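Atoms considered below: every heavy atom in the structure, side chains included; atoms not considered: hydrogens, waters and symmetry mates. These numbers were taken from a predicted model, which means no experiment stands behind them. Proteins get letters first, then strands, A, B, ... in listed order; numbering begins at 1 in each.
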2 protein chains.
Amino acid sequence: MAKVGIKDIARIANVSLATVSRTLRTPDLVQEATRQRVLDAVAESGYRPNRMGMNLRTQRTGNIMVVIPDITNPFNADLIRSIEETASSHGYAVLLGDTQSSPESEKQYVDLVEVGQADGLLYFSGRNPFNINPDKPLLDQIPTMVNSNEELDLEGIDKVLLDNAKAAHEAVQYLLALGHTRIAAVTGPMNTKSANGRLQGYRDALEQAGLIVDDKLIIEGDYHIDAGVEATEKLLQLKQRPTAIFCFNDDMAIGAINVLQANDYRVPEDMSVIGFDNILYSTYVRPALTTVSQPVEEIGRLCAEKLIARLRGVHSEPSTEYVSHQLVIRDSTGPAPE
Amino acid sequence: MAKVGIKDIARIANVSLATVSRTLRTPDLVQEATRQRVLDAVAESGYRPNRMGMNLRTQRTGNIMVVIPDITNPFNADLIRSIEETASSHGYAVLLGDTQSSPESEKQYVDLVEVGQADGLLYFSGRNPFNINPDKPLLDQIPTMVNSNEELDLEGIDKVLLDNAKAAHEAVQYLLALGHTRIAAVTGPMNTKSANGRLQGYRDALEQAGLIVDDKLIIEGDYHIDAGVEATEKLLQLKQRPTAIFCFNDDMAIGAINVLQANDYRVPEDMSVIGFDNILYSTYVRPALTTVSQPVEEIGRLCAEKLIARLRGVHSEPSTEYVSHQLVIRDSTGPAPE
DNA sequence: TTGTACGCGTTATCAC
DNA sequence: GTGATAACGCGTACAA
């Protein structure tokens, strides 16, 4: 289509370019009559300001970059849904960076905001993608950003976090209260803060109960279903089997239950399983999953709101906001077997 | 940070702006020595071309807009993963438009590409967001785009589709072969082509088997788990209950199984359930779900490749590509009860 | 091979 | 209240 531009409108309405722009941006500054002439011309011709020109001139794109490891994980999908909803309501669009946990990919997407393809960054990874010169002020070297889920090792940026240790502590305490003493942990990648935090909570809870932590019962996973499958297979081979398995996310817990049932273990009579995240499917799995709920909608909203506030020029101190978890008890946990 | 621009590089390397640009875009056109001087200056200063300037000048953004109804549906999440992977490998980034099936939202995101915030459009909805003037050529009135999943009622654009009728036909035939004669259907929204196509296949299969279609056994859903729950509750209240339920996606099938088990029905002994999509969780639900598999990775890749080819100026006839489904038999279907 | 100059489409700063 | 005009940062035709 013969793209109609601001010049065409100016010609049709018999005004200058400036007046067209003003009519659209600051209508109050232009007289009723001329304003109407311009608006008529706009309506007639279907003119719409070109974003590339706008972006260059205003030095903003209206995009926010979201860097996240795995969009096929329902927790992350829910997170993005929430971010996108918030962003959209503020006039921002979401540029999606699904990195599959690849550091190169993370850097590549962060680059995009550094070269001005997006105004700000929502970063859900713990790996530092920046080359920081410690002698210069940090904020001069990184884009406007908010960090969440996996804590980044940087002081002075906005973060939205969950107290992983406390949440895990609570989950394990619940299992202890049910009489379990041999409790396994299927962790996330141990190079992440989330997995380390949860593992710390697990250890603390056991030790506070006077139990010794058996490293054989701790198996590293990667938050995918398959990891839950493999870890559980290993656990079942142990001479001293656990009576409960604490998986550091729901997907792995679903994998665990699957293996248990395939090997004729009853859940929770023979083995309790507890997850983390409270994804939608955890309700529909049999038995329904006991899990630690994260307020995913709130996390997404907070992240987007904080970022957008910064983009709008809010200059408060960078802060870390903690959101609260909740233990959701369903049917996959029960008293320890004799 | 004091942003370093192309002018700074030109000054440092003691060349003109043009030479800097050439060194970066068409290195062959610049002499070895000067090229090196420029590259050194670039490396030293950490200069990177600003995308807003680039975008305006080249009239392209490197973004593709993906408009999709619900990113929390695992099928769609897998789809986006595949799109993003393909796009990324071709140097494109994904602008995400999760519309939650809202027509306003669909229009709003399509607008974004029309005003030049993205170069092309991947459109996974059946609602026409354009105001088409039938007297003018279609391609002059719509952006470069590919349509998939829900077929759009427009001739002359690229599409990637599944033969829904055939796939559903096959699923129902399989149930018929197991001896089922009262087969329920939990559909998608009946204003979508996918649901209508699948329902047509369902009807055809029944009629070809000499059965009459009982409209009481057809319940409209919306592809969410809850719809499967509610539909199944209704079906169980019927005086003449079905012995099998064909859900038009896996999420609703998962909801159906949940209700059945809660009411002490055994699946598949008392009631068979079959889904559609073959999402990851269908393997891990108990019993594992029999379902019609869509090649989601292929769909995403094809969509992205077709679009990018167009963006690169390929001028072949617009075409509709059909991808093939596959019936995946697991444990949620069995012989009809006596 | 390199430099000059223009334009991409818009907004903002001046004058008038 | 409105109109020229200068940026925004870059790529490229043209001239040198």
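- Spacing between atom CG of A:D119 and atom C1' of D:dC8 amounts to 15 Å, rounded to whole angstrom units.
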What one-letter contact string describes nucleotides 11-16 of chain D from 5' to 3', where B marks a base within less than 4.0 Å of any protein heavy atom, S marks contact via sugar-phosphate atoms alone, and - marks no contact?
-> BBB---
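- Annotation: A:N131, atom CG; neighbour count of heavy atoms from other residues, nucleotides and ligands within 6.0 Å does not exceed 12.
- Distances from the side chain of A:L56 to the nucleotides D:dC10, D:dG1, D:dC8 place D:dC8 closest.
- Residues meeting the side chain to side chain donor-acceptor pair (under 3.5 Å) test with A:S319, sequence neighbours left out: A:K306.
- Relative to the axis of its first five pairs, the axis of the last five pairs of the helix from C:dT1-D:dA16 to C:dC16-D:dG1 sits at 40°, rounded to 10 degrees.
- Taking side-chain N and O atoms only, A:T34 has a distance below 4.0 Å to OP1 or OP2 of D:dT2.
- Going from atom NZ of B:K3 over to atom C1' of D:dC10 covers 15 Å, rounded to whole Å.
- When the salt bridge (charged side-chain N to carboxylate O under 4.0 Å, His left out) test is applied to B:D111, the partners found at least two apart in sequence or on another chain are A:R48.
- Residues meeting the salt bridge (charged side-chain N to carboxylate O under 4.0 Å, His left out) test with A:E106, sequence neighbours left out: A:R127.
- Chain B approaches DNA chain C within less than 4.0 angstrom (heavy atoms of the protein), and the contacting nucleotides run 5' to 3' from C:dT1 to C:dG9.
- Partners of B:E151 under the salt bridge (charged side-chain N to carboxylate O under 4.0 Å, His left out) rule, at least two apart in sequence or in another chain, are B:K159.
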Pairs of donor and acceptor atoms involving the side chains of residues 298-305 of chain B, under 3.5 Å and at least two apart or interchain, shall be tabulated with distances.
residue, atom, partner, partner atom, Å
B:R301, NE, B:E297, OE2, 3.4

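- The salt bridge (charged side-chain N to carboxylate O under 4.0 Å, His left out) pairs that include a residue from residues 10-26 of chain A are A:D8-A:R11, where partners are two or more places apart or lie in different chains.
- Not a single salt bridge (charged side-chain N to carboxylate O under 4.0 Å, His left out) links B:R37 to another residue, sequence neighbours left out.
- Here salt bridge (charged side-chain N to carboxylate O under 4.0 Å, His left out) pairs that include residues 308-320 of chain B, with residues two or more places apart or in two chains, are B:D158-B:R310.
- Sequence neighbours left out, the pairs with a member in residues 83-105 of chain A that pass salt bridge (charged side-chain N to carboxylate O under 4.0 Å, His left out) are A:D98-B:R81.
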